[in-house]
Amino acid sequence: MRNLFNRLLKLLGISLFAISSTVAYADYKWNLQEPVTPMAKDTLHVHNMFMLICIAIFLVVLAIMIWSIIYHRKDKGYKASTVSGPTSGMQIVWTIVPFLILLYIDFILMGIPAWHAVAMMEDTKTDAQMVVKITASQWKWQYDYPEEGIQFVSTLSTPASQIDNSIAKGEHYLLEVDNPLVLPINKKVRFLMTSSDVVHEWWVPAFGAKRNAIPGFIREIWATIEKPGTYRGQCTELCGKGHGFMPVVVEAVSEEKYQEWVAAKKQEMQSRVLSGSADTQKGVENQPSQAKTQAAGVISVAAAI
Amino acid sequence: MSDAQNHSHYYVPNPSPYPVLMGSGIFLLALGFILNMNSFGLGSWTMIAGAALIVLVMYNWFGTVAGESEGGSYSKWEDRSFRMGMTWFIASEVAFFAAFFGALFYVRTISVPGLAEPNQLWQGFTGAWPSAGPMGEKFTPMGAWGLPAINTMLLLTSGATVTWAHWGLLANKRAQLNIGLFLTVALGVTFMFVQGYEYYHAYSELGLTLGAGAYGATFFMLTGFHGFHVSMGAIMLAVILIRCLKGHFKPESHFGFEGVAWYWHFVDVVWLGLFIFVYWL
Amino acid sequence: MTTATATHDAHDDHGHPTGIGRWLFATNHKDIGTMYLTFSLIMFFLGGIMIMLVRAELFQPGLQIMEPELFNQLISVHALVMIFGALMPAAVGMANWLIPMQIGAPDMALPRLNNFSFWMLPPAAILLTLPFTLALFNIGDGAIAAGWTFLPPLSTQGGMGMDFAIFAVHLLGISSVLGSINVVVTIFNLRAPGMTMMKLPLFCWSWLVTAFLLILTIPVLAGAVTMLLTDRHFGTHFFNAAGGGDPILFQHIFWFFGHPEVYILLLPIWGFIPTILSAFSRKPVFAYKAQVYSFWAIGGMSMIVWAHHFLTAGLPLAALLYFMYITMAISLPLAVLFYCWIAGMWRGAMSFEVPMLFAVGWIIMFGIGGLTGLVLADAAADAQYHGTYFVVAHFHYTIFAGGIFGIMTGVYYWLPKFTGHMYNTTIAKWHFWLTMIAFNITFIPQFFVGLAGMPRRVPDYALQFAEFNMISSAGAFVLGASQLLFLYVVISCVRGGIGVKVSPKVWDTADVEGLEFTLPSPPPFHSFTVQPIVK
Ligand code: HEA
Ligand code: HEA
Ligand code: CUA
Ligand SMILES: [Cu+2]
């Protein structure tokens, strides 16, 4: 307990300092991340539109209210009306119109694009060009490429010393892994998801793709990545103490680079099988072994803090 | 509202120690249960203390209410409060069973079929009901037309006898009342014994246990909670029987009797649902 | 709407109970109401302290003051304590105080049951928090850490704290169901002659719907956690695929309760907001009937929209579309309510005493919460919101601003009635402004971090979320501290306030409605020993 108190005090000190230097951070993020799949583009569009509609409703209602607050005041000598409901024809029209508008907004303006987006989101199979199997477990992701016979595990690679604040945090703090998922661009990838312990959730914001990985069941989503790059996401279903330390990193590369990577990966797996050190459960790592131990240590260190 | 006008004085009881004691009893029972499940030594004793307190309080609390009732503290107005209260209590019980029936329908129509092929995780699993799931052990499901059918008859008859007893009470035929009630209690107890034997049979011969996957879980939880309600109902009926033997209740005011009778009918109806969806279909 | 000829004599109290026994053994609706409200206030502060620790941890990236396990426990217990310990008991406390007075009854219909409902709460609170204490002595591994939504298999994995939470929920459930039965019976059976259903104050109507929802959904929650318990300890496989069960089954059962629950929290407040608006606008409640029908519509629809809480769990397409549209449809009855509130102020002669300030602020903030809810309902876009801070911000706008803030509105309106003293309005206004500002500073940034991709329920986060989290934490500390003002106002008001005795009508508004204002302030021990005749 005293320990906790000391830390709180220390924190207070740091915070006072930090508040005064908030301006130092510049890179504000307000909205959804830049989309790179058709699904994410659609979602961003729908989201922006809905937000604008809602802000508009909010402002209109607020404006009416504020108008009323300014003009219909007792201290301005305003005499209260005694209306207790719409009576005349005109008043009834005034009452009905907002609901027609709302119906229109709910089920046409918002409803129709939403229908299309949902239908698109759920259509995982049409023209799918490759499959990746994702198996979640506490607190890592295992990726399988059934067509290629590639399989590996991806875990957080941020060192524990960054998490416990003993060294400065790196640029991709908590959003970096030892073995990222490598995917070709412009190919419709179908992800099949399951879990080996509790429910997790695989999410890459830039793909607009998020789905629960449920033990014993298979769920699917898809993504066609349109731009090469590194995309980062996180597990979004509470899955225990390591829930915050279970990032997803996807590296999207051109088809050629992807083929090169597949070949290299296969080679590597091959040599491992030959040297007899392959552990199918744990998969293979293409990173220096030091990174791996660090990553494995993170969870336990984070737990021990 | 009409009789509200006639009774300007609603009976508000004096301060009473029972609620807070009852709360403490339930607290001890819950705490003991938790400790017990996590293998702490004091668990069982805490549970026993809690249960004892609950029984003691119930005895006195219901005794007080019966005394007030016989002592004429309640008019039609208060009587109606009790009736409405009981009605809504039974409604909440229905909702409780609905959760388990919902679970049954879900596993039967969604999760078990969903685990069958083409779900590659469980190759060879067909998903036919009754099922203990892809990794479940073998078991034989409980047939509907043996003991369960007998139990159905028992409960339906007991519903009739309690109504017959009620007619007796209304017509002030005390013998009919007492005999009817006695028969109802007897039928209820017989039901419990048959159910107990059925469980024994399931565990020892059919391999049907609480752990037998989705089927075992829904089977035992539904019939188990029903059985628990039957025992509660039988105990309440027995209490009412004792009160009847003491000469309590009048043709025009007998909420205690009616409340328990309603409860009994509710337990009956739940059984019909069980018989159809758990045993039969 | 309801004018009454109060024929009241205040000397009817027989044997005023005193001392601790007055509270322990209470059968009086006002005493029990007071206990509920006090309990709720204590729980509010308890839940608040927990989340202040959480916000302190989230002040900066990195783990500073607690390990992830404790973090998960704190958020889970924060939510359970706030919802079941602070908000629901507050609503029941208000119901206990007000319903008998508003319908002209002597007391609640089943007074001993009423006290029993209350005495289930402290044991439940102990069960929720005891695991923290036990963990200090190295017994068990702390409180429930699976979130307030108990999602298995994480919850089947958890330690002893999980069992404590399950039983706490059972006790809370018993309390709510019995309390609701009491409310229903009181409203149906104890109305004063002439008080027809369509003359009931809106607060009674909305509580009636609340009570029905509680009676129908709390037992379902009890069923869900019972299955969880048997899965944990007795070998059943409800939520385990190996045995043919499914974790998503739990989601279905839990949210069948969970969504009605959010309206259970707000319905009582929707009941008294229009009353307060009408009092300070000096104008009758607008479209009374439409509001009553909306309560019913919301109550009914709340039970068929549950799956919008797990739209990303992989439901079939048809289900996604159904739950999306039906959820959006709830905005219609709510828009009716909004319309009525605003129309209730329109062309009134408004004055801005403390309760009115709160009511207006409440409309704005709940509006934000409701509209973001509408956005969440979109099944495709929800893939980007679900499990992020966007959801956290949404529900604090509805649940803190709509719920706690709403209850405070009611307390500021009726507290002088209850105590007979006026409170310090200057401090109350400070409380209003500080809460409004600090609340928005706390939760607006959470919308942004949520959209930018910050998951909820994480003790640590990536660097791009740092600024907003810092602002949010700073806001939260101010928000927390300003609640101390509320505490001060309430306690000092109970102890005599600013020394001004208030009239039976309390507020100087042309004609405040409601039978409670025909009674003296504070009202006599037994509200109406002789029922008034309502014309
Ligand atoms: C009291 C609480 C409360 C209330 C009232 C609501 C109201 C609503 N909620 Fe919310 N919700 C929660 C509490 C609440 N919610 C909680 C606690 C969670 C998270 C649970 C968890 O996972 O832990 C949640 C989560 C949640 C989700 C799941 C998100 C996710 O996890 O993916 C969704 C999705 O559809 C949703 C939708 C809605 C909708 C459509 C409403 C509708 O009822 C809203 C209707 C209202 C309006 C549409 C406003 C109408 C207003 C106007 C027309 C005028 C506006 C005027 C002015 C602003 C002046 N809510
Ligand atoms: C009625 C419900 C209710 C209420 C009132 C609140 C009130 C608050 N909540 Fe809570 N909250 C929930 C219901 C509620 N919450 C739920 C359901 C969850 C989801 C949990 C889950 O994921 O399972 C949640 C989760 C949640 C989170 C997300 C945690 C996470 O996902 O990691 C956060 C983060 O900021 C948060 C913040 C706050 C804050 C700042 C308040 C403030 O309004 C609190 C203000 C009150 C006080 C602070 C107490 C009074 C003051 C004092 C005791 C004085 C001392 C304090 C100081 C001097 C600072 N809440
Ligand atoms: Cu895995 Cu959260
Ligand atoms: Cu909901």
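Within every chain, numbering begins at 1; the chains are lettered A, B, ... in the order of the sequence lines, protein sequences first and strands thereafter.
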Heavy-atom cut-off 4.5 Å, strictly under: side chain, backbone, both or neither for [X] against chain B?
X: Ile139(C); result: side chain
X: Val220(C); result: both
X: His252(C); result: side chain
X: Ile126(C); result: side chain
X: Phe256(C); result: neither
X: Leu130(C); result: side chain
X: Ile215(C); result: both
X: Leu24(C); result: both
X: Leu214(C); result: neither

May I ask you to name which of [options] has the most heavy-atom pairs under 4.5 Å with chain B?
options: Thr226(C), Leu178(C), Asn240(C); value: Thr226(C)
options: Asn182(C), Thr196(C), Leu221(C), Leu127(C); value: Leu127(C)
options: Gly140(C), Ala124(C), Ala26(C), Pro111(C); value: Pro111(C)
options: His170(C), Arg232(C), Met120(C); value: Met120(C)

